[in-house]
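Quick caveat, the model's predicted, so the values are computed rather than measured. Every heavy atom of this structure was used, including side-chain atoms; hydrogens, water molecules and symmetry mates were not.
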Amino acid sequence: MRPVETFEGEVQVTKSVCGAVYRANFVNALGRDGTNAGTLLAGIAGERGDAAKLLDRHGVSERNLVNYVSHGIAANLVADPTASVLEPDLERAVHDAFVSARSSRHEYLTIEHLLWAVLGSDLASDAVRSFGADVRALQGDLATYIGTATPVVAKSGLGPQPTRTFNRVMQMAVGKARSSKRLRANTLDALWALCGERDVPVADHLERHGISRADVAARNT
């Protein structure tokens, strides 16, 4: 244990602590409500400091922590322990949604953010075009809605909090992939899950642009 020095004055929060909390909040975007000890541990593992080195020395990796705290998937159930339960296209979409919400100082990370980002992937956009929908028009509608309906925080903090609906959609996307005998969820899985939402603005946008869950499921075989 490191020696503790006493001093007078306020305790200063280090950049690494802020980074670990930021990462913990991002882990929430991958499928769980609230920041807890597990997500914070994943955040610490993501910081390249002494604490992360200590965890690594004991065989605790950031990826395993994220898979477990986000989706309840233990390392011994993943074919490749270093692999994510999300395909790169969906990981990028989640990241883009989070970054977009954070840069706009939005209080929440919503399924509107997610749909907007998912449509930016080639896999999902090609599918949507095959249904006869206009991807740019849909993204434009979403951007307008997000800009007017999403609460904004007064000061830039550690990042937007994912809504319960966002977390549920992510969990459903992973579940859809596993039911299809695939190890990782992609953006079509996320689009399929989004199409299953009812009585929410996303449902209205998807219906207005002629995108149905059945069409997405048929495309994602």
Side-chain angles (χ1 to χ4, degrees), residues 26 28-33 67 70-73 83-101 104 106-151 160-221:
F26 179 68
N28 296 338
L30 302 179
R32 280 287 183 263
D33 279 335
N67 280 343
S70 296
H71 310 294
I73 300 175
S84 171
V85 292
L86 306 181
E87 291 285 358
D89 66 330
L90 185 51
E91 283 195 329
R92 282 193 298 271
V94 171
H95 176 73
D96 289 346
F98 185 87
V99 170
S100 175
S104 299
H106 288 156
E107 184 174 1
Y108 302 109
L109 180 62
T110 68
I111 56 175
E112 286 77 26
H113 290 107
L114 179 61
L115 178 56
W116 174 85
V118 161
L119 291 170
S121 76
D122 291 340
L123 183 64
S125 62
D126 287 348
V128 168
R129 289 189 185 94
S130 74
F131 307 148
D134 187 326
V135 174
R136 287 191 177 183
L138 177 52
Q139 282 189 306
D141 289 348
L142 287 165
T144 299
Y145 175 83
I146 292 168
T148 57
T150 309
Q161 295 297 307
T163 63
R164 290 181 181 273
T165 308
F166 186 104
N167 292 331
R168 180 175 66 245
V169 164
M170 291 302 300
Q171 291 168 11
M172 289 181 65
V174 173
K176 177 66 168 61
R178 300 192 75 184
S179 69
S180 301
K181 309 301 182 184
R182 288 181 283 109
L183 294 176
R184 301 189 292 184
N186 58 37
T187 49
L188 279 185
D189 293 315
L191 184 58
W192 174 87
L194 287 161
C195 287
E197 293 298 310
R198 294 290 180 267
D199 302 320
V200 291
V202 155
D204 296 335
H205 286 296
L206 290 169
E207 182 179 0
R208 188 159 59 247
H209 287 268
I211 302 170
S212 72
R213 197 176 206 186
D215 287 339
V216 176
R219 177 84 179 198
N220 193 24
T221 55

* Structure fact -> Residues pairing under ring-ring contact (aromatic ring centres under 6.0 Å, His included) where one sits in residues 188-221, two or more places apart or in two chains, turn out to be Tyr145-His205
* Asked: At what distance, to the nearest 0.5 angstrom, does CZ of Arg168 lie from CE of Met172?
  -> 7.5 Å
* Whether Ser179 side chain and Lys176 backbone form a donor-acceptor pair below 3.5 Å -> yes
* Going through the checks in order, is the side chain to side chain contact (heavy atoms under 4.5 Å, CB included) test met by Leu109 and Thr163? -> CA-CA 6 Å; Leu109 180 62; Thr163 63; over 6 Å; no
* Structure fact -> Ala177 and Ala185 have their tightest heavy-atom pair at CB-CA, 3.6 Å
* Heavy-atom pair with the smallest gap, counting every atom of Ala173 and Ala193 -> N-CB, 4.0 Å
* Flag the pair Leu188 / Arg219 as yes when at least one side-chain heavy-atom distance between them is below 4.5 Å, and no otherwise. => yes
* State the CZ-CZ distance between Arg178 and Arg184, to the nearest 0.5 angstrom. => 14.0 Å
* Report the C-alpha distance between Arg129 and Val135 in whole Å, list the side-chain angles of each, state the deciding distance to 0.1 Å, and finish with yes or no for side chain to side chain contact (heavy atoms under 4.5 Å, CB included). => CA-CA 7 Å; Arg129 289 189 185 94; Val135 174; 3.7 Å; yes
* **Any Asp189 side-chain heavy atom under 4.5 Å of Arg182 side chain** => yes
* What distance separates Ile146 CD1 from His113 NE2, expressed to the nearest 0.5 Å? -> 4.5 Å
Solution key, residues 114-124 side-chain donor-acceptor pairs under 3.5 Å, sequence neighbours excluded:
from: Ser121; atom 1: OG; to: Val118; atom 2: O; distance (Å): 2.9
from: Ser121; atom 1: OG; to: Ala124; atom 2: N; distance (Å): 3.2
from: Ser121; atom 1: OG; to: Thr187; atom 2: OG1; distance (Å): 3.0

* **Contact summary for Pro160 and Tyr108, nearest pair of heavy atoms** => CB-C, 3.7 Å
* To do: Give, for atom CZ of Phe131 and atom CG of Leu206, the distance between the pair rounded to the nearest 0.5 Å.
  => 10.5 Å
* Steps toward side chain to side chain donor-acceptor pair (under 3.5 Å) verdict (Ser212, Asp215) -> CA-CA 5 Å; Ser212 72; Asp215 287 339; 3.1 Å; yes
* Structure fact -> CD of Glu112 to OG1 of Thr165, rounded to nearest 0.5 Å, is 8.5 Å
* Asked: Between Arg92 and Asp89, is there a salt bridge with N-O shorter than 4.0 Å?
  -> no
* Report yes if some heavy atom in the side chain of Asn186 is under 4.5 Å from a heavy atom in the side chain of Leu86; otherwise report no. => no
* Asked: Just how far is it from atom OG of Ser130 to atom CD1 of Ile211, taken to the nearest 0.5 Å?
  -> 9.5 Å
